[in-house]
> 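Take a look at this one; I'll ask things after.
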Amino acid sequence: MQNSVSIRDLSLSFGAVNVLENLNLDIGNGEFLVLLGSSGCGKSTLLNCIAGLLEPTGGQIFIKDKNVTWEEPKDRGIGMVFQSYALYPQMTVEKNLSFGLQVAKMPKPEIEKRIQRAAEILQIGPLLKRKPSELSGGQRQRVAIGRALVRDVDVFLFDEPLSNLDAKLRSELRVEIKRLHQSLKNTMIYVTHDQIEALTLADRIAIMKSGVIQQLADPNTIYNAPKNMFVAGFIGSPSMTFLRGEIVEKDGKPVFHTNGVDFSLDGYSAAEPLQAGRKVVLGVRPEHVKVNEDSAGAEAHQATVDIEEPMGADNLLWLKHAGHSMSVRVAGARRFAPGTAVRLSFDMGLASLFDAGTEERI
Amino acid sequence: MQNSVSIRDLSLSFGAVNVLENLNLDIGNGEFLVLLGSSGCGKSTLLNCIAGLLEPTGGQIFIKDKNVTWEEPKDRGIGMVFQSYALYPQMTVEKNLSFGLQVAKMPKPEIEKRIQRAAEILQIGPLLKRKPSELSGGQRQRVAIGRALVRDVDVFLFDEPLSNLDAKLRSELRVEIKRLHQSLKNTMIYVTHDQIEALTLADRIAIMKSGVIQQLADPNTIYNAPKNMFVAGFIGSPSMTFLRGEIVEKDGKPVFHTNGVDFSLDGYSAAEPLQAGRKVVLGVRPEHVKVNEDSAGAEAHQATVDIEEPMGADNLLWLKHAGHSMSVRVAGARRFAPGTAVRLSFDMGLASLFDAGTEERI
Amino acid sequence: MTGQAHTGRPSKLLRNLSSKIASIPMMLTAVVIFLGGTIWTVVYSFTNSKLLPRAKFVGFDQYERLWDAPRWIVSIQNLAIYGAFTLVFSLVIGFLLAALMDQKIRFENTFRTIFLYPFALSFIVTGLVWQWILNPEFGVQSVVRSLGWTSFTFDPLYNADIVIYGVLIAGLWQGTGLVMCLLLAGLRGIDEDIWKASRVDGIPMWKTYLFIVIPMMRPVFITTLVIIASGIVKVYDLVVAQTSGGPGIASEVPAKYVYDYMFQAQNLGQGFAASTMMLVTVAIIIVPWAYLEFGGRKRV
Amino acid sequence: TDLEVTHWWTSGGEAAAVAELAKAFDATGSKWVDGAIAGSGGTARPIMVSRITGGDPMAATQFNHGRQAEELVEAGLMRDLTDVATRENWKDIIKPASLLDSCTIDGKIYCAPVNIHSWQWLWLSNGAFETAGVAVPKNWDEFVAAAPALEKAGIVPLAVGGQPWQAAGAFDVLMVAIAGKDVYQKVFGDKDEEVAAGPDIARVFKAADDARRMSKGTNVQDWNQATNMVITGKAGGQIMGDWAQGEFALAGKVAGKDYTCLPGLGVTEVIATGGDAFYFPLLEDEEKSKAQEVLASTLVSPAVQVAFNLKKGSLPVRGDVDLAAANDCMKKGLEILAKGNVIQWVDQLLSADSQKQKEDLFSEFFANPSMTPEDAQKRFVDIIASAE
Amino acid sequence: MSDTVALNPGPALAAATRAGVEPRGAKPRRALSGRNIMLYGTLAVAALYYLLPLYVMVVTSMKGMPEIRLGNIFSPPLEVTFEPWVKAWAQACTGLNCDGLSRGFWNSVRITVPSTLISILVASVNGYALANWKFKGADLFFTILIVGAFIPYQVMIYPIVIVLREMGIYGTLTGLVIVHTIFGMPILTLLFRNYFSSLPEELFKAARIDGAGFWQIYFRIMLPMSLPIFVVAMILQITGIWNDFLFGVVFTRPEYYPMTVQLNNIVNSVQGVKEYNVNMAATLLTGAVPLIVYFVSGRLFVRGIAAGAVKG
Ligand SMILES: Nc1ncnc2c1ncn2[C@@H]1O[C@H](COP(=O)(O)OP(=O)(O)OP(=O)(O)O)[C@@H](O)[C@H]1O
Ligand SMILES: Nc1ncnc2c1ncn2[C@@H]1O[C@H](COP(=O)(O)OP(=O)(O)OP(=O)(O)O)[C@@H](O)[C@H]1O
Ligand SMILES: [Mg+2]
Ligand SMILES: [Mg+2]
């Protein structure tokens, strides 16, 4: 049994609108896969297809090597956690957890055992007698996870489970989910449009745009070697700075040229030969730029600080550089008044180069 | 004219609930003040009082040294921007901007001039003929700002203007507001519960809790020298780690002791003498901990990695250290598998020490 | 519910079976009663059925006679007058009341109950009460006269020229409460920030209502309009109880014409023809509404 | 056995009369379950028809005999009473014979007539004329002449209730009285358009115009409220059928002393033999069917005829009963009946449809002073022309 | 009533006094401001118009006939009598039956209770199916249903008579209940559909994943969450069915005639003079049930309307 979930040529359309088209995806056993994409790109739709809540127009879905395309949700061995918690408001937490088991006519002692176990794992023991309205957002989300937990499923599906929580709680629960995955080792498919969640939680991230998976890779690859400009721009906050320019040859070596400024491409490992004259886009992440107040370094680019955004731990600078606006991250303690002239140096080993036409990584 | 807005002994209650009690606040001319606090702490209430949308139960409000406590909102020289944009949905953008001016019987050419100016500043010129429903969230918010702009007011009031936008747009508009403030130099009062917004935008931040201002200071002070544990815990993501312990004397110097581990307090400048035996809380921010894989350094604390949260630019580690859980931020490239043993060293100059009873900074 | 597992797509008919079974009453009602009944009525409007429906077709005879009948013309006119005034007044009064109620007033519940209670009463009751109040011998007229103004005349129910307005008074009394309720719910749905924004902009209250709030409440107004309009077309009991269509035929309405000719005159064909015409009227109301509601944008 | 009987006799006099029927029927060992539907025939008939056609028939129901039930009979929904009729020899005892004719379709008898109603009466309040200081009129023309005096005394000369059938009925009465029996028969019986458009009818419309003028200010709906105006002296007179008699009796008024009745408006003394009859829908229950026959014969039995008609103020359907207890007005009616001065009433001649159109016309005519008699006559001709 | 309102110091004034500060700016608005006088004045006048008929009904029903003939319908009774009430309830005659409204009352109860329950049950299940278990063509039926809501009842009477006859339930209580269910269906289904659609869809999905089926979700998840809309539906149906005259008279036999038919009979069976006092008492008695329902649950009604109805 290689894969936990396999999706073959999945298509789905609402009327004339094709939301998913011939989508293929294999998710390994025990893998934590994050579906990341902006609003409306079809993440929830895909998840609902896997759960059996939407009927695909075409294609097939296998869970544990069993074709479940036409199975009822309850027979697929999946549990699902929703953004809005979707707790049954009129039932106590305990009842919320046991509802599915009761419907399945599980014997009482077994139900109780499972609830005990879930309550322990999620530390919601003291809340069992309360109603959802008497819980905080984080507690509600924990109960919602518990509802999937008691059903003892193979695959957990999460649809933006943390979007309704405030920043603090979100980061707390993120850690808890990660811990849960480490201890349960179930397959988890997690939908979000928050890149931090994706980067921190995922074994692999699938970045979607208009129903098509743009890149499917581990977080590190996604972050450092994005397959195209969409992925590159989507991941990272603030966004990667894109500089439009072209390749020129200088001293026999390809060099990136924009607005009269040259960037050496030493250290960049291109997949294709970099021909002179090719229109390309250079992508630089804010933290891959070094800011020097002195003019040291051969490749020191001149820039002035436009806006400074101190964020505590970091300080974000918006610079004017060769007619472009560029964001750069420095340590929180380093402060620059707007107007300050600075010199930049770039770590080309971590930069990305895209074809200006196809927007694909070179 | 010293202050732009002065609030004296402001009280407000809804029925029996006192939301604000004897609140005092002075906001300088051209200052960007951020009111930061969790939901329901009374931020909007305060802002509405300043705007004249709520009638205070007691106290007075001065704007430009004029007592406006009983003035109509329109006569206070304020403009307001709302979280929900509050655009008039059936009017075009142009009409949205001009409606208030038309009602005030401003001559037509003047109206047009102002709209032109606002449109220029906010780059919404091409949108003027559209209806709000045909705009994106960010564009809507820009129009909402424009509505305050055309009225040529002294004080801008913002009530969580960016909360309804997604992360990407939020960071873009944040920069724009900052730029707007830099060019207009108006007084701005900005309500948010997003600490990044507060830290990046504010000249000064007022941190509120249950209607009381906890600390009023510039972002740097708030971040690095929080007045009490509430402020310390509220600002910073992930939160400052709090270690409960006590002061012991070691080699004649006060030392922080918890769970059998000692922390030298060298470099910490306490406002009060640190008596041995005093129960205190040590607060350490994630980025003020150095992580070493080798065992160098005299003050090297043993710890093991519990969870790793790679976030692209940074990598967040949750460590087990002396029975506490502690979060530490390292560069994104440095990866640690869970279970790895590491050694920590602390920068005490940037740590905070609080009294365990009063929770006030020592 | 779906028996066959991995074999492939299960039968289309069996999917959602419970839902289909549960919807049988609705489907039956829709098809057999509403659709079937309507078609049946339209078909038989082309016959000369008398007491019992008979399939003897006579073409458009019934319609020709219908449009020749002065009473039908009067009925249509009355419906137009009653309808137009009811629409305008119940919306205006209903909205005024709703706007007043939305001012964070005290005793809101009391006022609301007062405005709404007539809706609990049947048209029969409403008609009777207002017949009594408008009766010149006992009601308003005699009271005013007894106060000394002896030439005062207010006898709408006995004056053929204005009788329909007498009916209107009663109709409004009965119906505006609900309109107020609907519009109040709509007003409460307006984002409070809009109010704040308009106050900050210095826009007077009435202008805010007129130029901002009312346009924003378009969907609620449309729903309300449809509810009122459907009531107008059906108006029957009120007229029967209050005036019986009198004096003479001055306050006749189409629904009454239908009923009278179907049952009293024992001329089903004529009644069916008149109901078909009412159906056409309904269609004239419904089609634009359906277009506005469902045509423009697709909602999930 | 319980038999449900529906009817629209709900006013005071009527209810008392129905009670007689019920009493007599209960005495046969069955039970009369009363299904009164208030309003008028117009309200009640649709309900009765829908129940019969809807498959939930009552055991017996009132109709005005004539054409109202024709189709129900044709549709085979009604019980054939021929057996009972032959057994009890209705052919001979029921007078005038036209009553039974109205019940006969294709040679079979489908209804049991219970009374004769005549519309041709002018009821006058002696007190009102006394107040106005004029003599009680003896015919329509005198009545019209006396109207101004009544008006001066604040009395409405002629009470006409708002229900449409009252206006239409009053016109029909005027027609018989003023244009005479033959014209009446030509117009309604033969549907003769030319006669309807002719000068005789024009005269009738003139008279109706007078009536309209005299009825101004009536402001009541129900016929018995209008009658009540006459009883209390608020109105000078009313054109109404003999059932008004019941109201006078109930109010304790004495014919000749408190009020005066003028059959045929004192002009043409004829009586229309309309009336009420009971129809018996086909029932499946054997026992009930038996009881229906018992009820039919009970209704026609002499004792019931006397008791019922005395209360109702109408005339019995058989000539062989003794109405010694009858009052002045009733006796006048009986006399006319005995002379054979009878006509068929409009219900028997015109379809309900034409009747309804007529009602529409005359209720509009009486309520709307701006409608000229000439216009009204034109529309009247149209109705007659299209009548079947 | 309006006077007491206006004289009451409003929150603003009270607050200013409490704080004890003398603001230097413009004085705060007074409770007796022109705005408040206008506001409560208008409301009071409107309230008067709405209350007048009720007042007239109550007052008239407690007068004797002689007093009524004296004329003024607005004057309070000189001599309060409950005779008309007694008569309306227990003595008024229609034909031979002289038991007033009392019989009709119980008939109305017998009609209203099952009709209300069944029509709401059927409509709520339909609305639920339409909102959560859409199947192909469902919307078509629904559209027909909604358009059907506008068809004048008269158009439908005859076909329904035929249908009920064919089913053999014409004139029975069952038949009447079905008729009420049919005619209540469009508006109720719309109400329930809108309401169920407004409930979070994820709740429904969660229940499906938990393995609950159509009925389990309906009874165990949806029903307990739908109190507001059920209240609205109850109120609409109770008042609608209780007040119904046409169906009650056309589709039943006299032993089931509801109170409104009895009311109509009493009001239209004039014996001599119209007994306005009895009529008014009868009217009030007939309207009592829906009125009480409104007075008791009017607040829930408005809330429910806001929750489900307005969204169209
Ligand atoms: N029931 C439906 N009928 C028609 N279109 C739908 C329906 N549900 C979703 N869509 C469309 O399908 C597309 C994908 O929707 P989906 O909910 O999967 O997006 P998503 O990626 O989950 O977005 P979000 O982050 O906002 O949840 C959207 O464009 C949406 O408008
Ligand atoms: N009209 C009102 N009536 C009663 N209580 C109110 C009213 N408005 C606000 N409150 C209460 O006053 C407190 C402060 O509300 P406020 O809206 O100022 O909070 P906030 O800080 O703006 O929160 P958020 O971040 O959620 O907007 C809350 O506890 C709220 O419940
Ligand atoms: Mg989604
Ligand atoms: Mg707020």
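Basis for what follows: all heavy atoms, side chains included, without hydrogens, waters or symmetry-related copies. A, B, ... follow the sequence lines: proteins, then strands. Residue 1 opens every chain. All values reported here derive from a predicted model rather than from experimental measurement.
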> Above 12 or not: heavy atoms from other molecules or residues under 6.0 Å from CZ of C/F57?
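Above 12, so yes.
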> Give me the contact list for residues 65-73 of chain C versus chain D, heavy atoms only, anything under 4.5 Å, ordered by residue number.
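At a heavy-atom separation under 4.5 Å, chain D is reached by C/R65, C/P70, C/R71.
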> For C/Y63, look at atom OH and say whether over 12 heavy atoms of other residues, nucleotides or ligands are found less than 6.0 Å away.
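More than 12 within 6.0 Å, yes.
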> What pairs with C/T281 under side chain to side chain donor-acceptor pair (under 3.5 Å), at least two apart in sequence or on another chain?
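Checked C/T281 against side chain to side chain donor-acceptor pair (under 3.5 Å); zero matches.
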> Picking from C/Q270, C/E252, C/M262, C/R54, which has the most non-hydrogen pairs under 4.5 angstrom with chain D?
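With the most close heavy-atom pairs to chain D, the winner is C/R54.
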> Who in residues 364-372 of chain D is close to chain C, using a strict under-4.5 Å heavy-atom cut-off?
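Residues of residues 364-372 of chain D touching chain C at under 4.5 Å: D/E364, D/A367.
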> Return the option, out of D/Q355, D/Q357, D/E359, with the maximum number of heavy-atom pairs under 4.5 Å with chain C.
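Looking at each option in turn, the highest pair count goes to D/Q357.
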> Assess whether atom NZ of C/K50 is packed by more than 12 heavy atoms of other residues, nucleotides or ligands within 6.0 Å.
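Counting neighbours around NZ of C/K50, more than 12 heavy atoms of other residues, nucleotides or ligands fall under 6.0 Å, so yes.
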> How close do C/Y261 and D/D353 get, counting heavy atoms only, and between which atoms?
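Result for this residue pair: CE2-OD1, 3.6 Å.
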> May I have the step-by-step check of side chain to side chain donor-acceptor pair (under 3.5 Å) for C/Y257 and D/D360, ending in yes or no?
CA-CA 10 Å; C/Y257 187 95; D/D360 287 347; 6.0 Å; no
> Could you list the residues that satisfy ring pair (Phe, Tyr, Trp, His ring centres under 6.0 Å) with C/F123, not counting sequence neighbours?
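C/F123 satisfies ring pair (Phe, Tyr, Trp, His ring centres under 6.0 Å) with no residue once adjacent residues are dropped.
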